[in-house]
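The structure displayed is predicted, hence computed values, not measured ones.
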Amino acid sequence: MALSSSPEHPQALARVVGAVADWVGRLGEIWVSAEIIEIKRRNYATQFLTLRDRTSDVSCTVTTTAFVLDAAGPIPEGSEVVARLKPRVWERTGSLNFECLEMRVAGVGRLLAELDTRRRKLQAEGLFDPHRKRPLPFLPRRIGLITGRNSDAERDVRRNTLRRWPARFEIEYSLVQGPQAASQVMAALERLDAHDEVDVIVIARGGGSLEDLLPFSDEGLVRAISRCRTPVVSAIGHESDTPLIDFVADLRASTPTDAAARIVPDLAAEQEELDAIRQWLRTTVEAILQRAAQELAQLRSRPVLASPAAALTGHAERLELLRHRLRTAIDRHLTREQDLLTSRLQVVRALSPEATLNRGYALLTDGAATVTATTARKGQQLTAHLADGELDLKVTATRSKDE
């Protein structure tokens, strides 16, 4: 029943809000389809959501309880849901609000919730741990490629890889969409992992919807990749696509083209880097040689190296002085000794019998020994030795000094 009013007889605001709240309360509950764009969890009972219509720009705030959210399972933002809502008017503020009594994940949201549950399970088992990631070889002998036959992904990987480096491929074709895709990819993965020359395996597929990419979130495929001995590169869809094999692969490439840039080096870039290193080495060696030449020049400019004999000049002069002193000392000593010898020789000569004879004396002998006045006998034959000859004498008489 409408309330009557006029400028002279207006209705109280509280009565009008109360009437609206009463009317809205009689509307009952209704199931709606919407997208969750924001979830605000609180530590108390009431939780807040923001729902948006999937076909038009209409959104509203919804309150609910933690029990309702938990019962719906993990609901990432962006999920599509169906919710049982009851409209309410808060009389204190006059604002319209919706209370969510029940919620279910639907459509893509349901798939996202299932994938999130699967991801959490595999992550808890440690399949996504960083320490399990293996480095890719710098230059693989052969590249294993799992992709759809005649697909854009195959062409992108091969063309961009060969543009960078003359690599060799071992290609395994497989379904990349549909119920059989996951099992075929696993079989191809097993064959390539057993190949002796395959050093890296690339799983490539172009973009698609969430449903199209579901095979690459298959639990069996994720576990198969975790068991591979060969490093695996995931190149599925576009940058925004994140199938579960992205988490277990040793390297996640945003696109097949990006995978080509990650699995082989760029020949031109490597050549440029090699040229730069050569130039750096050449410059470094030249700088070292130049410094060594400067140091050698400085050493050679020092007096001891410029004229090595100069260091010996002082020693040679001192040696010559010492030699002169030694020669002088020897000469002086020899002179003294010569003088002494001459003096002694003169003494010896002065005392010799010959000198005595030269002074006019004679030496008498009986042929064997010298004879004196006391030893001579009368009539004895004697020899007188003179300075200029000898005389034969006969003793006629002997006289001593005492007579």
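- Scanning all heavy atoms of the two residues, the minimum distance from Cys228 to Asp193 falls at CA-OD2, 3.7 Å.
- Although no hydrogens or angles enter the test, the distance criterion places a donor-acceptor pair under 3.5 Å between the side chain of Glu154 and the main chain of Asn150.
- No side-chain donor-acceptor contact under 3.5 Å links Thr342 and Gln346.
- In summary, Glu35 and Arg52 engage in a salt bridge, as defined by a charged side-chain N under 4.0 Å from a carboxylate O.
- Taking all atoms of both residues into account, the shortest heavy-atom contact from Asp366 to Val371 is N-CG2, 3.6 Å.
- Minimum heavy-atom separation, Thr93 to Ser95: OG1-OG, 2.8 Å.
- With respect to the salt-bridge test (charged N to carboxylate O, under 4.0 angstrom), the residues Arg41 and Asp70 qualify.
- What you find for Asp266 and Arg164 is that their closest heavy atoms are N-NH2, 3.3 Å.
- Put simply, the side chain of Lys86 never gets that close to the backbone of Ile30: no donor and acceptor are under 3.5 Å apart.
- Using modelled atom types, one side-chain atom of Asp250 and one backbone atom of Arg134 make a donor-acceptor pair closer than 3.5 Å.
- Proximity of a side-chain donor or acceptor of Thr50 to a complementary backbone N or O of Ile37 within less than 3.5 Å is not detected.
- Closest heavy-atom contact between Thr64 and Val68: OG1-CB, 3.3 Å.
- With rounding to the nearest 0.5 angstrom, the CG atom of Leu192 is 11.5 Å from the CD1 atom of Ile143.
- Distance alone, capped at 3.5 Å, places no donor-acceptor pair between the Arg191 side chain and the Glu172 backbone.
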